[in-house]
Amino acid sequence: MGRERIKIWHWLLGLAGCLVVSSHLIAAPIDERPEVRVIFDVSGSMRYNDPDQLSAEALELLAAMVPNNARAGVWTFGERVANPLPPMPVNIEWRDRARALAPRLVDYEQFTDIESAVYEAARYRAAVPAEARLHLVLLTDGKIDLPAWRGSKPAIDEASRAGLLEELGPRLADEGVVVHAIAFSAEADFDLVERLAQMTGGFSALVIAPGDLLGAFLDIVDRVFPSDRVPVTDQRFLIEPGLSGFTALLFHGEEPITLIAPDGRRYTAEEPPQGADWRGESRYDLIKVPNPQAGQWRLEGELGKDSRVTVASSLSLKMDGVPDTLYLGFDVPLEAWLARDGEAVDAEGLPGHLRLTAELRDDSGSVQSATVLGQQEERFVGTLPAPPRAGSAQLIIRAEGQGFRRQRVQPVNVLPAVAARHDEANQRVVLSAEHPLLDRHNTRLSGQLQGVHMAAEPVTERRWYIALPELDQVLSVPLVLRGEATLNGEARELQLPRLMLFPSVDTAIDQVDASPALEVVRFHEELMPVREPRDTASSPLPVAVEQVVRQIQELPRAAQERWREWRPALIGPLEDAMGGSRWTGLLIVGGLLLLLLLLAWRIVLRRHRAGPREEPHV
């Protein structure tokens, strides 16, 4: 384990070194220089929730990836909040000072004051230029733990959490401050960081493995410093004439990457293109090619999913108004255009046969929804169909024309429009509006529990309660949620998940859980217990036949009820066809019994031919 950690550490240090180069080779011009303030958790719980010191590796990555002249600063917090690196323009000196802070991230403190850390890091907003947006990047295990001298616990922890989500977070959103939050470990309070990021228009992620860390930070960099890419399709990408260069970050397996130019010349890390800077590592290659040859370039070798090729050009793809959070059941309006040196290109100056498309892809790369944007003079507009399922995703806007390829990629979170939580202590379900347009005046919510309809009563502007009856806490029961909202005079049905009541018990009616909003629903099979070998001589039937008989006897009551429901539909037409004979029912039952006996005998023959096998052990 120690050797593996050393390998991971060396890999990430090498990655940071290469990204130092990439930060100087940022491909697309940045229209604004946002200010980034990174907040690192150094509380005692991080000792256990971050045993591999991913936070220190994150500092290396961010120090390398923030482009020159952007303003950035670093904060740390535990019981106290410190600012070891105040905000200043990023240059070589800033990067050296940032890397020197790595030992400070393992100087753990006993408690965790997330609310004060976010408050302190967001102070002095006036120092940020009006045209630049302030981005906070919070890295924490997400567990608020205040010292007991501040008050009784856990009341003070709960009050701090509520203050962060109900007071400080909304105020930052009003001031235009964006909070991106990354939670370490599966034990993190991911609901906290997710909601904080959502209300401020930021991106949230749960990181456990080093590979997840890299992906999460690349997503944040894409959000804060968007850049133009060229699509890589079937390991090919098109470079148009006139580009000043491209930068390729290529993740790969054990096989090295080979770059093939349009004229067929093959390049490797040992023999790069003339004037190119090629840094090859065990897991990725970082390649900067100035004044590249126009045409189709090819890549040989297995590419990882985070690979990308960015281009430096005066002609860039722009998109407007896409939030970091999308909602189930709500379409997404889109607008995109081409700009040259920051100015929109008019219709006459656009590339020939230009076509813009948009698609939403989940973490596995599957397309969840897609659309074609229609041209309206120099702009392209359209509506992306509503996302079908919650989770992390990527919104991709792609422009393709005659000799021209561009795409923008933006990470997004997809959430239900209304979040649900089971308040067991008060015997109720708490519903909270996540979509910013929903409130008590335009939204009606209800639930159905075991066939009984229950209305949700509004208690605040954006919160409702559903009172629950007395329930057996040894049985998990699904609560089906329903909602309807009237927006802009149009009534729409809300797509809401089912909430599992008492999900931790062994006996369950269903296995659907809706909390937290971005949690992946995991379906599992319960393994049958291992049984001791039995004496087959005590039973007159073969083991296989006896097992079949036992399974037939243990058919669930639901199947019997379905038979009573379906019997008139199945037997009625046959009785009519046979003239209403009273023997029809007996014939059908007899036929079913004969079919079951034949099936059992076939299983016996199959198991006899296969021979004995050992039962699996858990």
Participant: Testing the 3.5 Å rule here: is there a donor-acceptor pair between the side chains of Thr112 and Asp145?
Facilitator: no
Participant: Rounded to the nearest 0.5 Å, what separates atom CD1 in Ile397 from atom CZ in Arg408?
Facilitator: 10.5 Å
Participant: For Gln410 and Asp324, which I'm curious about, is there any donor-acceptor pair between the side chains at under 3.5 Å?
Facilitator: yes
Participant: Would you please name every residue forming a side chain to side chain donor-acceptor pair (under 3.5 Å) with Gln427, sequence neighbours left out?
Facilitator: none
Participant: Is the backbone N or O of Asp41 less than 3.5 Å from a side-chain atom of Thr140, with the two atoms forming a donor-acceptor pair by type?
Facilitator: no
Participant: What I want to find out is whether Asp191 reaches Arg195 closely enough, with some N-O distance under 4.0 Å, to be called a salt bridge.
Facilitator: yes
Participant: Looking only at atom types and distance, does a side-chain atom of Tyr327 sit under 3.5 Å from a main-chain N or O of Glu434, one as donor and one as acceptor?
Facilitator: yes
Participant: Between Arg37 and Glu35, is there a salt bridge with N-O shorter than 4.0 Å?
Facilitator: yes
Participant: Does a side chain donor of either Ser160 or Glu115 reach within less than 3.5 Å of an acceptor in the other side chain?
Facilitator: yes
Participant: For the side chain of Glu335 and the backbone of Asp320, is there at least one donor-acceptor N/O pair under 3.5 Å apart?
Facilitator: no
Participant: Determine yes or no for a side-chain-to-main-chain donor-acceptor pair under 3.5 angstrom, with Thr443 supplying the side chain and Arg440 the backbone.
Facilitator: no
Participant: On the ring face of Phe251, is Arg308 found with NZ or CZ under 6.0 Å from the centre and within 45° of the axis?
Facilitator: no
Participant: Taking atom types as modelled, find out whether Gln368 and Arg361 have a side-chain donor-acceptor pair closer than 3.5 angstrom.
Facilitator: no
Participant: I'd like a table of donor-acceptor pairs (distance under 3.5 Å, sequence neighbours excluded) in which one partner is a side-chain atom from residues 162-184, with atom names and distances.
Facilitator:
unit_1, atom_1, unit_2, atom_2, d
His180, ND1, Phe203, N, 3.1
His180, NE2, His135, ND1, 2.9

Participant: Assess whether side chain to side chain contact (heavy atoms under 4.5 Å, CB included) is satisfied between Leu360 and Leu384, documenting all intermediate values.
Facilitator: CA-CA 8 Å; Leu360 187 69; Leu384 185 72; 4.0 Å; yes
Participant: Is Arg229 salt-bridged to Asp222, cutoff N-O under 4.0 Å?
Facilitator: yes
Participant: With side chain to side chain contact (heavy atoms under 4.5 Å, CB included) as the test, pick out the partner of Phe77 among Val118, Leu138, Val42.
Facilitator: Leu138
Participant: So, the side chain of Glu493 versus the backbone of Gly329: is there a donor-acceptor pair under 3.5 Å, distance only?
Facilitator: no
Participant: If only atom types and distance count, is the side chain of Ser116 paired as donor or acceptor with the main-chain N or O of Asp113 below 3.5 Å?
Facilitator: no
Participant: Run the side chain to side chain contact (heavy atoms under 4.5 Å, CB included) test on Leu317 and Leu356 for me, step by step, so that the C-alpha distance in whole Å, both residues' side-chain angles and the decisive distance to 0.1 Å come before the verdict.
Facilitator: CA-CA 10 Å; Leu317 175 62; Leu356 268 69; 4.2 Å; yes
Participant: Tell me if a side-chain donor or acceptor on Asn442 pairs with a main-chain N or O of Leu437 at a distance below 3.5 Å.
Facilitator: yes
Participant: For the pair Ile220 and Val137, evaluate side chain to side chain contact (heavy atoms under 4.5 Å, CB included) and give the outcome as yes or no after the intermediate values.
Facilitator: CA-CA 9 Å; Ile220 291 178; Val137 182; 4.1 Å; yes
Participant: Would you call Asp439 and Arg463 a salt bridge, using N to O less than 4.0 angstrom?
Facilitator: no
Participant: Between the side chain of Asn83 and the main-chain N/O of Val74, is any donor-acceptor distance below 3.5 Å?
Facilitator: yes
Participant: May I ask you to say whether Arg444 pairs ionically with Glu484, meaning some side-chain N is under 4.0 Å from a carboxylate O?
Facilitator: yes
Participant: Would you say the side-chain atoms of Asp157 pair up with the backbone N or O of Leu146, donor to acceptor, closer than 3.5 Å?
Facilitator: yes
Participant: May I have the step-by-step check of salt bridge (charged side-chain N to carboxylate O under 4.0 Å, His left out) for Lys143 and Asp189, ending in yes or no?
Facilitator: CA-CA 6 Å; Lys143 294 182 178 180; Asp189 185 359; over 6 Å; no
Participant: Tell me, with the steps shown, if His441 and Thr486 meet side chain to side chain contact (heavy atoms under 4.5 Å, CB included).
Facilitator: CA-CA 9 Å; His441 304 291; Thr486 302; over 6 Å; no
Participant: Looking at Glu377 and Arg379, would you say the former's side chain and the latter's main chain have a donor-acceptor pair under 3.5 Å?
Facilitator: no
